[in-house]
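Note: hydrogens, waters and symmetry copies are ignored here, and every other heavy atom, side chains too, is used.
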Amino acid sequence: MSRARIGVARAMTAAVVLIVAGQAGAADVHQAASVPQAEAWVAEAPSPWQIRLRALGVITEDSGYVNAVPGSGLSYSNTVTPELDISYFFTDNIAAELILGTTYANIDGQGAIGGLGKVGKVWLLPPTLTLQYHFTDFGAFEPYIGAGVNYTIFYHQQVGSADDLKVKNTFGAALQVGFDYMVDQHWGVNFDVKKLFLKPDFDVTVAGAKLTGKATLDPWLIGAGVTYRF
C-alpha cells in the first residue's frame, strides 16, 4: 500500500513539473513575439516634426495715410516669395507652426500725394507663430485652421522720391486655414491661406518736411507647396 502511495505521489509531482515547465515556455514564446511587435510599433510611430516648403503670393491691402496731409493714400506692390514652415505636433490634432520667409514692398503715394510716385522700398521679415487644429477624420485629406501672432521686421529700407523713410517694426495677429493631402506616411501636398493684420507706423521726410503716418498692409499670404513629416 505504501509503495502504491509513493508511486501516485511521484506521478503527481511529475505532472505538476510538466505543467509548470509548459507554462514557462509559453510565456517565453509570448514575450519573444511581443518584443519585435513593440519594436516595430516604436519604429513606425510618426515623428512630431514636420516641414513645408511653399511658393507664397503676398497680396497687400492698398491703404494708409500720411498725418497732416488730408486725402493722402498709399499703395504697395504684391510679390511672390518662397516660404519655409516648421511644425511640431503636440497631439494628432494640435500643432504649432513657425512660418519663415522674407519679401519686399514698393511704397507708392496715392491721392493727395500721388505725384510723389514711388516713395520708397522696404524689405520685411514677418516670422509668424500659429497654433493649429488639424482634423483627422478624412483620411489622406487633412484640413486645419490656426491663429497666432506675427512680428514684422522692416530692413534694407530705401528711398525713392522721399528724402528719408523709416517703417517701424510691429506686432500683428494672424489667421490661417489650409490642408495637406498626404501621398504616403511622409510626403504630401499643401495649400494654405493666411491673413496678417499688419499696420506699421512710419516716419518720412519729403522735401525737407518731416512727417509721420500709418501703412495698412494687412496682406493675404496664399501658398502652395510640399509637406514632409519626419
Side-chain angles (χ1 to χ4, degrees), residues 30-31 33-63 76-105 123-153 170-200 216-230:
H30 177 71
Q31 290 177 354
S34 298
V35 169
Q37 290 178 358
E39 291 177 350
W41 182 85
V42 170
E44 294 175 1
S47 166
W49 291 100
Q50 176 179 280
I51 61 172
R52 296 188 184 96
L53 184 63
R54 301 187 184 105
L56 187 70
V58 182
I59 303 172
T60 58
E61 179 180 325
D62 291 332
S63 182
Y76 322 97
S77 59
N78 301 324
T79 58
V80 176
T81 188
E83 180 187 73
L84 174 66
D85 304 324
I86 304 170
S87 299
Y88 184 86
F89 283 77
F90 301 101
T91 70
D92 289 340
N93 300 105
I94 305 298
E97 182 179 72
L98 179 62
I99 302 158
L100 300 171
T102 188
T103 189
Y104 67 88
W123 281 82
L124 53 152
L125 177 66
T128 303
L129 182 65
T130 61
L131 186 65
Q132 302 171 333
Y133 184 85
H134 291 252
F135 299 89
T136 56
D137 301 326
F138 305 100
F141 178 67
E142 300 180 1
Y144 58 86
I145 56 175
V149 65
N150 154 266
Y151 183 71
T152 298
I153 301 166
T170 187
F171 283 98
L175 298 176
Q176 180 182 35
V177 62
F179 69 84
D180 293 303
Y181 187 87
M182 301 305 296
V183 178
D184 58 29
Q185 182 180 358
H186 297 288
W187 289 99
V189 294
N190 175 262
F191 180 77
D192 182 270
V193 177
K194 290 181 284 292
K195 176 68 171 179
L196 302 186
F197 297 91
L198 188 59
K199 298 177 174 63
T216 304
L217 297 168
D218 288 351
W220 288 95
L221 310 181
I222 303 174
V226 295
T227 297
Y228 184 78
R229 184 79 177 267
F230 290 93

Distance (rounded to the nearest 0.5 Å) between L198 CG and L217 CG: 5.0 Å
Salt-bridge criterion met for R52 and D180 (N-O under 4.0 Å): yes
Note, K199 side chain near T170 side chain (heavy atom, < 4.5 Å): no
Whether Y88 and W49 hold their rings parallel, tilted or perpendicular, with breakpoints at 30° and 60°: perpendicular
Salt bridge flag under 4.0 Å for residues K195 and D218: no
T103 and its side chain to side chain donor-acceptor pair (under 3.5 Å) partner, picked from T79, T81, N78: T79
Separation of N190 CG from Y144 OH (nearest 0.5 Å): 4.0 Å
Spacing of T136 atom OG1 and F138 atom CZ [to the nearest 0.5 Å]: 9.0 Å
Shortest non-hydrogen separation from P143 to F179 and the atoms involved: CA-CB, 3.7 Å
Closest contact, heavy atoms only, Y76 versus S63: OH-O, 2.6 Å
Where H134 and D92 come nearest, the two heavy atoms and their spacing: CB-O, 4.0 Å
Separation of I51 CD1 from F230 CZ (nearest 0.5 Å): 4.0 Å
Spatial distance of atom CD1 (I222) from atom CZ (F191) [nearest 0.5 Å]: 6.5 Å
Any residue meeting side-chain contact (heavy atoms from CB on, under 4.5 Å) with P82, in chain and number order, not counting sequence neighbours: none
Q132 backbone acceptor or donor facing T130 side chain under 3.5 Å: no
Distance-minimising heavy-atom pair for P126 and T102: CD-CA, 4.5 Å
Centroid separation Y181 to F141 less than 6.0 Å: no
Intermediate values then yes/no, side-chain contact (heavy atoms from CB on, under 4.5 Å), T128 and Q176: CA-CA 11 Å; T128 303; Q176 180 182 35; over 6 Å; no
Which atom of P127 lies closest to which atom of L100, heavy atoms considered: CB-CD2, 4.2 Å
Charged N-O contact under 4.0 Å between K194 and E97: no
Shortest non-hydrogen contact between L196 and A174, atoms and distance: CD2-CB, 3.5 Å
Point-to-point distance, once rounded to the nearest 0.5 Å, from CG of D62 to OG of S77: 9.0 Å
Donor-acceptor pair, side chain of T152 and main chain of N150, under 3.5 angstrom: no
Heavy-atom side-chain proximity of Y228 to W187 below 4.5 angstrom: yes
